[in-house]
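The structure appears right after this line, and notes come after that.
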Amino acid sequence: MRVWTARYGEPSGRPAITLAHRSLLAGDPDGALKWLEQGYADGDRNIPYIGGRMFDALRSDPRYQDLLRRVGLPQ
């Protein structure tokens with residue numbers, strides 16, 4: 001996590017990634033992806049953290065893989 005923090009800064013507290021995670025926990029992967037896309041479109045500086053384990057349930061989704069690619073994270 002220190003590498004991410006050094007590269008991207010501290011998480012900013014913007015809600016897109018939090019809402020995406022809550023949607024995923026509620027069993028709504030489409031909602032989670034909607035929030036992640038919104039965060040990406042808004043330039044949310046938390047987006048680099050989507051590669052973390054909290055979104056493992058989305059790993060097989062091609063939309064998530066595409067977002068990881070656009071963010072520049074390993075797929």
What about Ile50 and Leu24, same hydrophobic cluster or not, with Ile/Leu/Val/Met/Phe/Trp/Tyr joined at side-chain heavy-atom distances under 4.5 Å? yes

Can you tell me if Asp42 uses its side chain to pair, donor with acceptor, with the backbone of Asp44 under 3.5 Å? no

Could you tell me which non-hydrogen atom of Asn46 sits nearest to which non-hydrogen atom of Ile17, and how far apart they are? O-CD1, 3.6 Å

Please name all residues satisfying salt bridge (Lys or Arg N to Asp or Glu O under 4.0 Å) with Asp66, sequence neighbours left out, ordered by chain then number. Arg69, Arg70

Could you report the tightest heavy-atom contact between Ala16 and Gly39, atom names first, then the distance? CB-CA, 3.7 Å

Does some side-chain heavy atom of Leu58 sit less than 4.5 Å from a side-chain heavy atom of Leu67? no

Nearest heavy-atom approach of Gly27 to Pro29 is O-CD, 3.2 Å

Taking atom CD of Gln38 and atom CG of Leu19, what is their separation to the nearest 0.5 Å? 10.5 Å

Anything under 30° is parallel, anything over 60° is perpendicular, the rest tilted; go ahead and classify His21 against Phe55. perpendicular

Rounded distance [0.5 Å steps], NZ in Lys34 versus CG in Leu36: 11.0 Å

Considering residues at least two apart in sequence or located in another chain, which fulfil the side chain to side chain contact (heavy atoms under 4.5 Å, CB included) criterion with Arg22? Thr18

Let's go through Leu68 and Arg59 carefully: what are the C-alpha distance in whole Å and the side-chain angles of both, what is the deciding distance for side-chain contact (heavy atoms from CB on, under 4.5 Å) to 0.1 Å, and is it a yes or a no? CA-CA 10 Å; Leu68 289 175; Arg59 294 240 178 245; 3.7 Å; yes

Between Arg63 and Asp30, is the closest basic N to carboxylate O distance under 4.0 Å? yes

Non-hydrogen atoms of Ser23 and Ala32 that approach each other most closely: CB-N, 3.5 Å

Is there a chain of hydrophobic side chains (I, L, V, M, F, W, Y, each step under 4.5 Å between heavy atoms) that links Trp35 to Val71? no

